[in-house]
Amino acid sequence: MKSIGTHLLSRMAVRSAAFFMVFILSVMLFSAEDLAADAGKARVVKDGEGIRLQVDGEDFMVFGMNWDYFPIGTNYLFSIWEQPDDFIIEALDREMPLLKEMGVNVIRQYVGIPPRWVEYIYEKYGIYTIVNHPVGRYGYTLDGVWIPSVDYSDSRFREAVKEEILDVAENFRGVPGMLLFLLGNENNYGLHWTSVEAEALP
């Protein structure tokens, strides 16, 4: 069965590193000395040569793209990660070689991908994963109530999302192939507050 992902690959360009680097550079900067003392992790290094991402102590250029799998006839409610293992393996073993051939070395996945599949993709195809938590961008259930447009000034919402993000980070701790976390996705769109209100948030 062809997936929409496979169908579109021939029309998709490999995304540049710039998209991911905006987030990476906003997280943390490490000196070369810090990196040497903590090898084996992804770090943004700032030294006399500039600012760059390193993995395992080596400069790393992200050639990343969003990747998802929707068999023809399904929609956004379909989740490959809820399918049987043999279904997932068949899909990954068909599509990951295509991405690798395109030069992709990183894929972005929304929260929901189990850590073992991040490891599988990395161990078999050498492709890293960035896990994206939308931070309530598409709505959020708080105290059992669905909120379609979240209010970031609500301290209850902020605390709930913070705990959820920390749980995700802990769940992926030490997983081979886990590169970085991406927080949010166009969160300045589709919300009820204005930029002035956003700037006034504590």
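When reading the values below, keep in mind they use all heavy atoms of this one structure, side chains included, and skip hydrogens, waters and symmetry mates. Because the structure is predicted, anything quoted here is derived from the model rather than measured.
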Verdict with supporting geometry, Arg43 and Asp56, salt bridge (charged side-chain N to carboxylate O under 4.0 Å, His left out): CA-CA 9 Å; Arg43 299 291 191 209; Asp56 294 326; over 6 Å; no
Audit row: Val150, Arg158, side chain to side chain contact (heavy atoms under 4.5 Å, CB included) steps and yes/no: CA-CA 10 Å; Val150 299; Arg158 293 203 307 270; over 6 Å; no
Side chain to side chain contact (heavy atoms under 4.5 Å, CB included) between Val104 and Tyr125, worked out: CA-CA 10 Å; Val104 171; Tyr125 298 104; over 6 Å; no
Evaluation steps, side chain to side chain contact (heavy atoms under 4.5 Å, CB included), between Ile130 and Ile107: CA-CA 6 Å; Ile130 291 177; Ile107 59 172; over 6 Å; no
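Taking Asp59 as the reference, Arg52 meet the salt bridge (Lys or Arg N to Asp or Glu O under 4.0 Å) condition, with sequence neighbours excluded. Annotation: side-chain hydrogen bond (donor to acceptor under 3.5 Å, both in side chains) contacts of Glu164 (sequence neighbours excluded): His133, Tyr140. Not counting sequence neighbours, the partners of Glu159 by the salt bridge (Lys or Arg N to Asp or Glu O under 4.0 Å) test are Lys162. For Lys124, the salt bridge (Lys or Arg N to Asp or Glu O under 4.0 Å) test picks out Asp93, with sequence neighbours left out. Residues satisfying the salt bridge (Lys or Arg N to Asp or Glu O under 4.0 Å) test with Glu82, not counting sequence neighbours, are none.
Not one N or O on the side chain of Asn105 forms a donor-acceptor pair closer than 3.5 Å with the backbone of Val62. Counting only distance, with no hydrogens or angles, the side chain of Gln83 and the backbone of Ser79 share a donor-acceptor pair below 3.5 Å. In this structure a side-chain-to-backbone donor-acceptor pair under 3.5 Å is missing from Lys46 to Ile51.
Taking the six-membered ring for Trp and thresholds of 30 and 60 degrees, Trp117 and Tyr120 have ring planes more than 60 degrees apart, a perpendicular arrangement. The aromatic rings of Phe157 and Tyr152 stand perpendicular to each other, their planes meeting at an angle above 60°, with 30° marking the opposite boundary.
Note that CG of Asp167 is 8.5 Å distant from CG of Asn171, once rounded to the nearest 0.5 Å.
Counting heavy atoms of neighbouring residues, nucleotides and ligands inside a 6.0 Å radius, atom CD of Glu163 exceeds 12 of them.
Looking at heavy atoms from C-beta onward, Tyr138 lies out of side-chain contact with Tyr76 at the 4.5 angstrom threshold. Contact of the Thr129 side chain with the Tyr122 side chain is not registered, since no non-hydrogen atoms from C-beta on lie closer than 4.5 Å. The side-chain heavy atoms of Phe60 and Leu179, taken from C-beta on, include a pair separated by under 4.5 Å. The shortest side-chain heavy-atom distance between Val131 and Val111 falls under the 4.5 Å cut-off. Between Ile165 and Val135 the shortest side-chain heavy-atom distance falls below 4.5 Å. Using a 4.5 Å cut-off on side-chain heavy atoms (C-beta onward), Trp81 and Tyr69 make no contact. Using a 4.5 Å heavy-atom threshold, the side chains of Pro115 and Met178 count as separate. Looking at heavy atoms from C-beta onward, Val55 lies in side-chain contact with Tyr128 at the 4.5 angstrom threshold.
Using a cutoff of 4.0 Å between basic side-chain nitrogens and carboxylate oxygens, Arg108 and Asp68 are not scored as salt-bridged.
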Contacts under 3.5 angstrom, residues 141-148 side chains, donor-acceptor by atom type, not counting sequence neighbours:
{"residue": "Asp143", "atom": "OD2", "partner": "Arg156", "partner atom": "NH1", "Å": "2.5"}

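Between the side chains of Glu95 and Trp67, at least one donor-acceptor pair of N or O atoms lies under 3.5 Å.
Cluster annotation: Tyr110 is not connected to Met65 through the hydrophobic network of ILVMFWY side chains, with a link wherever side-chain heavy atoms come within less than 4.5 Å.
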